[in-house]
Amino acid sequence: MWRMDQSFPRKEKLKSKKRIEQVFTEGSSVSKYPLKLVYLPFEFQEDTKVQVAVSVPKRRFKRAVDRNRVKRLMRESWRLQKASWLPEMKQPHALLFIYIGKELPTLKKLQKAMDVAMHKFLQKQA
RNA sequence: CGGGCAGGUCACCCUAUCGUUCCGAAGUUAUUUCGGGAAGGAAAGUCCGGACACCACAGCGCAGCAUAGCGGUUAACAGCCGUCCGUUGAAAAACGAGGACAAGUGCAACAGAAAGAAUGUACAGGUCAUGCUGUAGUGAAAUCAGGUAAACUCUAUGCGGUGAAACGCCAUGUAAACCGGUGCUUGAGGAUUGCGCGUCCGAUGCCGGAGGGUAGGCGGCUAGAUCUUAUCAGUAAUGGUAAGGCCAGAUAAAUGAUAGGGACCCCGCGAGGGGCACAGAAUCCGGCUUAUGACCUGCAUUUUUU
RNA sequence: GGGUCAUUAACUCAGUUGGUUUAGAGUGUCACCUUGACAGGGUGGAAGUCACCGGUUCGAAUCCAGUAUGACCCA
C-alpha cells in the first residue's frame, strides 16, 4: 500500500530572512479568509519543489501562546494535505501563509481554507 | 457552618496514529535506522542584584544614582530571617524610603491677633510691674531645641561604563574613488564614564557633504552560587557533610496535531450537555512585582444560629 | 534580547520642574441673537475619576512606587 508523504522536513521550511523579505516585496498573493497566501517562483539549490513559511501578526494575537497555536495548526494543515497539491505544481515556489483572522481556528476550518487557497494559486500559475 | 488570616503542594492522566528538534550509536556521505532528551511557577514585567564578555581586570577628583532602627544571612541585593518601635485590625496577622530639621537654606492655602517675624483678645491665677503662668479660640502645626528631608541638603554605606544586537571567528562585497574643511610630534582626533586630570593609541589620520556595498553562517549556548534524599549546626534565613542524578537549546524560532478512553467540577429526575486557569524558553542564575486554577495544613473567632 | 519616552474635555495641546484658592486654550458641540433662509459673526452654556491602583502629606494632575495601553531607538 502506497502511503502519502506527510513529513515536513527542514529543507521544505522557508527560513532565510532574505528570501522571506523577497517574497513579501516581489511575490503575488491570493486570499481566502482567514488565510492569505503569498507566493513567488524560486530556484532552490537542492531538489526541493517548495519552501513554506507561516506567519501570524502580533496585532491580532497579543499572547505568544495563541500565536504559537495558530502557527502550529497551519503547519499541521500543510503537512497533512501537501501530498495532494505538490504533483500539480509546475515549478518550484516559495510560499508564505499569513493568518489574517481574529479568532483561534480549528484544524478542520484551516484545512478547508488552505485547500481553497492552494487551488486558487494552482489555477493562477497555469 | 460561614466569612477572615498565614503557610505549603500540584499544574489533569493514559493509549494509538502522524509530525518537529537536539544528542549518541550504526550504516553512509542524498539520507536512513535504532536509543535517549525536549517549557514555567510565573518561562511575563525588566523593577533590583550577580555570573560572563569587552573597554587599560578599570586609576584619581567632581558630579550623579541607590540604600537607611538594630542584628544576622548571602556571590550579591532595594531580597530573605530574627527583633524593637509605629500604624491598621475585635483577633489571627499585615504593612512601614522607621538616620539627621540640637549645621544651613526653602516652604506652610483657608482660618487665625500671630505661621517663625513678633506679639494680641477674653477669663482665672500671680507680681512692685510686665504675655509671667494656665485655660478658651484658629489650625495639620502656636514658643517648643515648633512642623516639613517620597523639599534642597547633611551623615553613613555601596556603585567605573556598556550589554549576547556584548564579544570572537569565517564568508561575501565595494570606493584606499569624488568635493569641502582640519591636522601631522609645538598633536587633529580617539581609547563606549556627564565634566576635569592621569595613562595609552595616533598620520594610507579625523570631521562634514553627496554617493556605493554587506547585513549570510559558525562559536558564545548550556554541568550549574545545579537538582534529589539523608544528616549535622542555627530560633530562623542559611551553611556544612555524604550518597545518587544529568534535567530544553530553537534562530520567521522545535517542544506539536488528531482520535478514543478515564479522572475532577458545573447544569439536568434522566438520556445527555458544558467546563478543565494564567500562560510559551531566547546567555545563565538569586530575588521582587504582576497574572492565575485546584487542593491540603495550621491559626484566630466579631456577629448570628444550635 | 536590551533601552528611552508618553497618557489631561469628543479631538489637538498648556499647566507638572518648584504642592494648596477655580485645571486652562483652540477646534468641535448645544442654546440664544443677527438673516426671509443659509454661510459668517456675536453672546452664553455644557462637557474632566487629570489612564488605572496604592503610598507620603493637613492637602497630590504635580512627589514616590506598582499596573495597563501606545510610540520610538539599537547590529
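Each chain gets a letter, A, B and so on, in the order its sequence line appears, and its residues count up from 1.
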* **Length of the line joining Lys109(A):NZ and U258(B):P, which is rounded to integer Å** => 14 Å
* Asked: Could you give the CZ-to-P distance, from Phe8(A) to U258(B), as a whole number of Å?
  -> 17 Å
* Identify the nucleotide, in any strand shown, that forms a Watson-Crick or G-U wobble pair with A43(B), with both distances under 3.5 Å; if there is none, say none. => none
* By a strict heavy-atom criterion of less than 4.0 Å, which residues belonging to residues 66-81 of chain A are in contact with RNA chain B? -> Asn68(A), Arg69(A), Lys71(A), Arg72(A), Leu73(A), Arg75(A), Glu76(A), Arg79(A)
* Asked: Once you round it to whole Å, what is the distance between P of A30(B) and NZ of Lys11(A)?
  -> 11 Å
* Is A114(B) in the syn range, within 90° of 0, or in the anti range? -> anti
* Structure fact -> Expected label for G41(B) (glycosidic angle, syn inside 90° of 0, else anti) would be syn
* Where the side chain of Lys120(A) meets the backbone of Ser31(A), is there a donor-acceptor pair that is under 3.5 Å apart? -> yes
* Check the hydrophobic clustering (I, L, V, M, F, W, Y; side-chain heavy atoms under 4.5 Å; chains of links allowed) and say if Phe97(A) and Val116(A) are grouped together. => no
* With a 3.5 angstrom cut-off on both distances, give the Watson-Crick or G-U wobble partner of G216(B), or none if there isn't one. => C170(B)
* Asked: So do the side chains of Tyr39(A) and Val50(A) get within less than 4.5 Å of each other, counting heavy atoms only?
  -> no
* Select base, sugar-phosphate, or nothing to describe what Glu21(A) touches, counting heavy atoms under 4.0 Å on all strands. => base
* Distance, P atom - from A38(B) to A250(B), rounded to whole angstrom -> 16 Å
* Asked: Paired with A16(B): which nucleotide, if any, by Watson-Crick or G-U wobble criteria at under 3.5 Å for both distances?
  -> U258(B)
* Asked: If pairing requires Watson-Crick or G-U wobble contacts with both distances under 3.5 Å, which nucleotide is the partner of U182(B)?
  -> G205(B)
* Can you tell me the distance, in whole Å, between the NZ atom of Lys82(A) and the C1' atom of C18(B)? => 12 Å
* **Leu73(A) side chain reached by Tyr99(A) side chain, heavy atoms, under 4.5 Å** => no
* Answer with base, sugar-phosphate or nothing: what part of the nucleic acid does Leu107(A) contact at a heavy-atom distance below 4.0 Å? => sugar-phosphate
* Spacing of the P atoms in C57(B) and A26(B) (rounded, Å) -> 46 Å
* **d(CZ, Phe24(A); C1', A252(B)) in whole Å** => 9 Å
* To do: Would you kindly give the NZ-to-C1' distance between Lys62(A) and A44(B), to the nearest whole Å?
  => 15 Å
* Asked: How far does the P atom of C72(C) sit from the matching atom of G59(B), given to the nearest Å?
  -> 40 Å
* **N-glycosidic conformation, C152(B) - syn within 90 degrees of 0, else anti** => anti
* Structure fact -> Shortest non-hydrogen pair, Lys62(A) vs Arg67(A), comes out as O-NH1, 3.2 Å
* Structure fact -> Assigned chi class of A117(B) under the 90° convention is syn
* **For A142(B), the Watson-Crick or wobble partner whose two distances fall under 3.5 Å** => none
* Asked: Does anything in residues 30-40 of chain A reach RNA chain B, meaning a heavy atom under 4.0 Å, and if so which residues?
  -> none
* Asked: Does A92(B) have a Watson-Crick or wobble mate here (both distances under 3.5 Å), and if so which one?
  -> none
* Do the non-hydrogen side-chain atoms of Phe121(A) and Met89(A) ever get within less than 4.5 Å of each other? -> yes
* Flag side-chain contact, heavy atom, 4.5 Å: Phe42(A) against Gln22(A) -> yes
* What's the CZ-C1' distance between Arg63(A) and G280(B), to the nearest Å? -> 12 Å
* May I have the distance from Phe61(A) (atom CZ) to A252(B) (atom P), rounded to whole angstrom? => 21 Å
* Asked: Quick one: which of Lys108(A), Met114(A), Lys82(A), Lys112(A) gives a side-chain contact (heavy atoms from CB on, under 4.5 Å) with Ser77(A)?
  -> Met114(A)
* Asked: When you compare C63(C) with A63(B), how far apart are their C1' atoms, in angstrom units rounded to a whole number?
  -> 23 Å
* Specify the glycosidic conformation (syn or anti) of U73(B), with syn defined as within 90° of 0. => anti
* Asked: On a whole-Å scale, what distance lies between the P atoms belonging to U21(B) and C218(B)?
  -> 15 Å
* Asked: In whole Å, what separates the C1' atom of A175(B) from that of G160(B)?
  -> 40 Å
* Go ahead and name the base partner of A281(B); Watson-Crick or wobble counts if both distances stay under 3.5 Å, otherwise write none. => none
* **Sub-4.5 Å side-chain heavy-atom contact between Leu35(A) and Leu37(A)** => no
* Leu95(A) and Trp78(A), any side-chain heavy atoms less than 4.5 Å apart -> yes
* Within a radius of less than 6.0 Å around CD of Glu26(A), do more than 12 heavy atoms belonging to other residues, nucleotides or ligands occur? -> yes
* **Pair partner, A117(B) [Watson-Crick or wobble, under 3.5 Å]** => none
* Residue closer to the 5' end of RNA chain B, Ser55(A) versus Thr106(A) (nearest nucleotide) -> Ser55(A)
* Asked: Would a 4.5 Å heavy-atom cut-off, applied to side chains only, mark Arg75(A) and Arg72(A) as touching?
  -> yes
* To do: Determine the Euclidean distance between corresponding C1' atoms of G54(C) and C32(C); express it in Å to zero decimal places.
  => 48 Å
* Asked: Is Lys58(A) touching bases, backbone alone, or none of the nucleic acid, heavy atoms closer than 4.0 Å?
  -> nothing
* To do: Can you tell me, in whole Å, how much space there is between the C1' of G287(B) and that of G79(B)?
  => 5 Å
